[in-house]
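Read the numbers this way: they start at 1 and go in the same order the structure lists the ligands and their atoms.
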Amino acid sequence: MVYEHVLNMVGNTPIIKLYLKDAQNVSLYVKLEYFNPTGSVKDRAARYVIDRLLEEKMIDKNTTIIESSSGNFGIALSNYCRSKELKFICVIDPLISYTNETIIRKMSTEVVKVVEPDINGGYLLNRIKKINKLLEEIPNSYWINQYGNKYNAEAYNKTLAFEMCNEVTNIDYVFIGVSSGGTITGVSSKVKKVYPNAKIIAVDIVGSVVFGGKPQKRFIPGIGSSKVPEILEFAQIDDVVFVREYDVILSCNELLKTYNIFAGGSSGAVFTAIKQYFKTQNIDKQVNVVTLFADRGDRYSETVYNEEWCMEHFCAPDQLRRVE
Ligand SMILES: Cc1ncc(COP(=O)(O)O)c(C=O)c1O
C-alpha cells in the first residue's frame with residue numbers, strides 16, 4: 001500500500017507471538033504499537049480526538065489546542081495538530097526527558113514549562129492550574145484533557161481493539177498498562193463484546209494511585225498516574241496487577257536480550273505483570289493472552305536503559321547485566 005502522508009499510517013500495527021519459558025500454556029500476542037508514525041500507541045488517540053473534535057465542530061482551524069503531557073501524547077498531538085494547521089500549546093514539567101522535550105519543542109506551537117512544585121511535591125496540580133489560566137487568557141482555546149475526554153477511549157475501541165479481535169481468535173486475557181485510562185477503557189468494552197469470557201487485566205505500577213495504591217515517587221514514565229482518570233469509570237476490568245519499577249527494568253532488559261525487542265517502560269511493565277500473574281494461576285489449558293508494547297526503548301535511553309540512572313534509583317548495573 002502506498003500512503004499519501006506518513007501520519008495516515010496510524011494503526012494496523014504488526015502483531016507477534018511470544019513464548020514464555022516459565023508459562024508454556026500461554027500464547028502471548030503482542031501488538032507492536034511503536035510502529036505508529038510518531039512512535040507510540042498515542043498516535044491512535046491524538047489522530048482520533050482531533051478528527052472528531054473538528055467533525056463535531058467543537059474546535060475549528062483557529063482553535064488553540066492545549067494539553068499537559070511530557071510524553072508520547074504530547075509528541076503525537078504536536079504532530080497531528082501541525083498537520084491540521086492547528087496551534088498547539090504543550091504544558092510540560094522539569095521531569096520531561098531531553099528527547100521528548102526536543103521533539104515537542106520542534107513540533108508544537110509553544111511549550112510552557114511549569115517549574116514550581118505543588119503541595120504534593122509533584123507538578124500535576126500546578127500544570128492543571130496553568131492550563132486553566134491559559135484557557136482564560138486565550139480566546140478559542142480547547143483543553144484536550146485525556147483523563148476525561150471520552151474520545152480518548154473511543155479511539156482505542158474503534159481501532160486497536162478492533163484489530164486485536166480480528167487478529168487473535170478466542171482471546172482469553174488482555175493485559176493493558178494504565179495511565180490516562182484511555183486504552184483500557186476503549187479496548188475492554190470492545191473485547192468483552194466479542195469475547196464475553198475474556199478477562200481484562202489492568203497493569204499499574206507501585207506508587208500510582210489509579211487503583212487505590214499509596215502515592216509514592218515514581219521514576220518510569222508512561223505508566224501509572226497521580227490522579228484517578230475520570231474515563232476509567234467506563235472500563236470493564238476484572239483484575240489489577242501491580243508491578244515494581246525494579247522488575248520493570250529487568251523485564252525491559254529481558255525483552256531486549258531474549259526477544260530482540262527494544263521497548264519502553266510500560267512494555268516492561270505489562271510483560272512483568274503477565275509473568276507475575278501466570279506464576280500464581282493454575283492454567284491447565286492453552287490460553288491466548290493479548291497485550292501491547294506502547295513505545296520503543298529509544299525514549300528511555302536516559303532512564304530505563306541507562307545504567308547510571310538505574311544504579312542511582314534501583315540497583316547495581318551488574319544485576320541488569322545478569323539478565324539473559
Ligand atoms: C508508553 C505508554 N504506555 C502506556 C500508556 C498508557 O495509556 P493510557 O494513557 O491510554 O492509559 C501511555 C500513556 O501515556 C504511554 O505513554
Check: Asp93/Asn126 side-chain N/O donor and acceptor closer than 3.5 Å: no
Looking at Arg299, Glu33, Lys42, which hits side chain to side chain donor-acceptor pair (under 3.5 Å) with Asn72? Arg299
Enumerate the atoms of ligand 1 whose separation from the nearest heavy atom of Ala294 is less than 4.0 angstrom. 1 (C), 2 (C), 3 (N), 4 (C)
Among Gly222, Ser179, Ser70, the residue with a heavy atom nearest to atom 5 (C) of ligand 1 is Gly222
State the atoms of ligand 1, each with its element, that fall below the 4.0 Å cut-off from a heavy-atom position in Val178. 11 (O)
Parallel, tilted or perpendicular, as decided by the 30° and 60° cut-offs, for the rings of Tyr173 and Phe278: perpendicular
Hey, could you give me the CD1/CD1 distance between Ile144 and Ile59, rounded to the nearest 0.5 Å? 6.5 Å
Would you say Ser40 contacts ligand 1, with heavy atoms under 4.0 Å as the rule? no
Among protein heavy atoms, which lies nearest atom 7 (O) of ligand 1, and at what distance? Thr183 OG1, 3.4 Å
Just checking, is any N or O donor in the side chain of Asn100 or Ser70 under 3.5 Å from an acceptor N or O on the other one? no
So does Glu116 pair up with Lys129, basic N to acidic O under 4.0 Å? no
Ligand-residue contact atoms, ligand 1 with Gly181, heavy atoms, under 4.0 Å: 8 (P), 9 (O), 11 (O)
Would you say the side-chain atoms of Tyr48 and Arg52 include a donor-acceptor pair closer than 3.5 Å? yes
Please report which non-hydrogen protein atom sits nearest to atom 16 (O) of ligand 1, along with the residue it belongs to and the distance in Å to one decimal place. Asn72 ND2, 2.9 Å
Does the distance from a Lys or Arg side-chain N to an Asp or Glu carboxylate O, for Lys192 and Asp238, drop under 4.0 Å? yes
Does only the side chain of Tyr300 get under 4.0 Å from ligand 1, or the backbone, or both, or neither? Count heavy atoms. side chain
Would Asp295 count as a contact residue for ligand 1, given that I'm defining contact as a non-hydrogen atom of the residue lying under 4.0 Å from a ligand atom? yes
Among Gly186, Ser180, Gly177, whose heavy atom sits nearest atom 9 (O) of ligand 1? Ser180
Tell me the protein heavy atom at minimum distance from atom 3 (N) of ligand 1, and give that distance in Å. Ser266 OG, 2.6 Å
Say whether Lys42, considering both its backbone and side-chain N or O atoms, lies within less than 3.5 Å of an N or O atom on ligand 1. yes
